[in-house]
S.K.: 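Handing you this structure, nothing more for now.
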2 protein chains.
Amino acid sequence: MNLGSVEAVFFEYLQERGLRQTPERLCILRRVYAMNGPFTADTLLDDLRNSQNPLSRATVYNTLELLLECRLVAHHQFGRFGSYYEKSHGRRQADHLLCTNCGRIQEFCDPRLHAIMQDAGQALGQRIQHHQLHLHGVCHLFESTGQCPHFESSKADPSSSSQPMH
Amino acid sequence: MNLGSVEAVFFEYLQERGLRQTPERLCILRRVYAMNGPFTADTLLDDLRNSQNPLSRATVYNTLELLLECRLVAHHQFGRFGSYYEKSHGRRQADHLLCTNCGRIQEFCDPRLHAIMQDAGQALGQRIQHHQLHLHGVCHLFESTGQCPHFESSKADPSSSSQPMH
DNA sequence: TTCCATGCAAACCCTTTGCAAAGCG
DNA sequence: CGCTTTGCAAAGGGTTTGCATGGAA
């Protein structure tokens with residue numbers, strides 16, 4: 001789970017595939033692992049632009065793709081305009097609950113999902129590789145008071161999803 | 001579940017909201033219910049273009065939005081470029097299994113998901129409204145033979161998902 | 001020295017929007 | 001008649017691509 005082992009995984013993957021170990025790729029990997037919570041490609045790009053080491057959009061997308069392939073990064077698509085990435089090494093697969101009202105994204109993990117995946121795969125003749133579960137709901141607080149402490153503030157900041165997994 | 005009752009639901013919804021009952025809206029509703037399986041907005045548009053009653057892109061999207069609101073249509077976002085609509089009146093909420101290899105989309109439904117949703121909502125303080133579960137896998141057939149009967153054929157035709165729900 | 005990777009900008013895909021004309025209520 | 005809907009075409013947002021240049025191996 002430390003950065004060194006993550007870098008080792010990445011480099012091993014690159015080597016296996018005959019891909020090159022470039023400073024840009026390392027830089028992106030480090031930035032990604034410095035993020036906490038889900039982030040957008042644009043956020044990452046901005047983050048890099050503000051650093052001493054600005055990189056191009058193409059390189060960011062290219063590298064994210066590689067990181068997805070070697071499972072160091074996970075991708076979540078929330079609706080049409082909610083494309084988020086997230087470091088994933090050593091993390092258990094998490095699911096997401098989105099608030100329809102304030103846009104906050106919370107994470108959770110339920111072990112029972114495993115059985116469902118297994119059975120569905122078996123029933124439909126597929127080996128399941130991964131999954132994605134999105135719940136859409138409304139904060140109780142909003143329903144009772146009409147107010148929500150997360151409104152707007154977290155709409156653009158899904159990193160507030162400090163995983164209260166159960 | 002017959003078309004008449006679907007139209008009744010739609011018209012009632014329009015009336016409630018003070019919206020107009022136009023021939024275009026009725027036409028789109030009927031086309032949507034003539035589709036089997038998930039379809040894209042573009043498929044629907046083409047379908048209409050080939051009919052005696054071509055409609056504009058804007059009208060199609062506008063009407064799909066209305067149909068979503070009154071729950072006569074469901075929307076599924078599969079990754080960045082997989083936006084599918086599907087008639088949903090009288091259907092139980094279905095989940096989807098996507099084949100990474102051939103792109104086929106199969107539907108299934110597992111009652112155990114309900115408990116997971118309930119519990120997650122309770123744990124995170126939200127009233128769950130709906131959900132979306134996507135499993136990604138590979139056909140057994142493809143894994144053993146390297147061949148898949150659904151390859152390409154169904155990549156653009158998710159309607160082959162004649163729901164073997166379990 | 002050989003390709004692969006990078007950076008730039010333009011293309012891309014799907015969806016939404018602005019505005020004038022049409023037509024429901 | 002007024003005001004919503006329609007149709008068209010253009011804009012929008014995030015992602016991908018083409019091509020010349022740069023740099024890892």
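Residue numbers begin at 1 in each chain, while the letters A, B, ... track the order of the sequences. Just the heavy atoms: all of them, side chains too, but no hydrogens, waters or symmetry mates, feed the values below.
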S.K.: In this structure, how many angstroms lie between the P atom of C/dC13 and the CG atom of B/L45, rounded?
M.R.: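 The answer, rounded to whole Å, is 15 Å.
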S.K.: Assess the pair B/H96 and B/H76: is the distance between their ring centroids shorter than 6.0 Å?
M.R.: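 Ring-ring flag for B/H96/B/H76: true, centres closer than 6.0 Å.
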S.K.: Verify the ring-centre separation between B/F78 and B/Y84: is it less than 6.0 angstrom?
M.R.: yes
S.K.: Angle between the two end axes of the helix from C/dT1-D/dA25 to C/dG25-D/dC1, five base pairs per end, rounded to 10 degrees?
M.R.: 30°
S.K.: If I take atom CG in residue B/L14 and atom C1' in nucleotide D/dT5, what distance separates them, rounded to the nearest angstrom?
M.R.: 12 Å
S.K.: Under 4.0 angstrom, heavy atoms only, what part of the nucleic acid is A/D42 near: base, sugar-phosphate, or nothing?
M.R.: nothing
S.K.: Rounded to the nearest angstrom, tell me the gap between atom CD in A/Q77 and atom P in D/dG14.
M.R.: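 Roughly 11 Å, once rounded to whole Å.
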S.K.: Would you kindly give the CG-to-C1' distance between A/L44 and D/dG14, to the nearest whole Å?
M.R.: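 Roughly 14 Å, once rounded to whole Å.
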S.K.: Could I get the full list of salt bridge (Lys or Arg N to Asp or Glu O under 4.0 Å) partners for B/R31, not counting sequence neighbours?
M.R.: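 With sequence neighbours excluded, B/R31 shows a salt bridge (Lys or Arg N to Asp or Glu O under 4.0 Å) to B/D47, given in chain and number order.
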S.K.: How many Å lie between CG on A/L66 and P on C/dC4, as a whole number?
M.R.: 14 Å
S.K.: Taking for each residue the nucleotide of DNA chain C with the nearest heavy atom, is it B/S83 or A/T59 whose nucleotide lies nearer the 5' end?
M.R.: A/T59
S.K.: Are any protein N/O atoms closer than 3.5 Å to N/O atoms in nucleotides 16-24 of chain D? If there are, list each pair with its distance.
M.R.:
unit_1 : atom_1 : unit_2 : atom_2 : d
D/dG23 : N2     : A/R20  : NH1    : 2.5

S.K.: What's the shortest heavy-atom distance between B/R71 and B/S88, and which atoms?
M.R.: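 Distance-wise, the nearest heavy atoms are O-OG, 2.8 Å.
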S.K.: What is the separation between atom CZ on B/R25 and atom C1' on D/dT6, rounded to the nearest whole Å?
M.R.: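 These atoms are roughly 9 Å apart.
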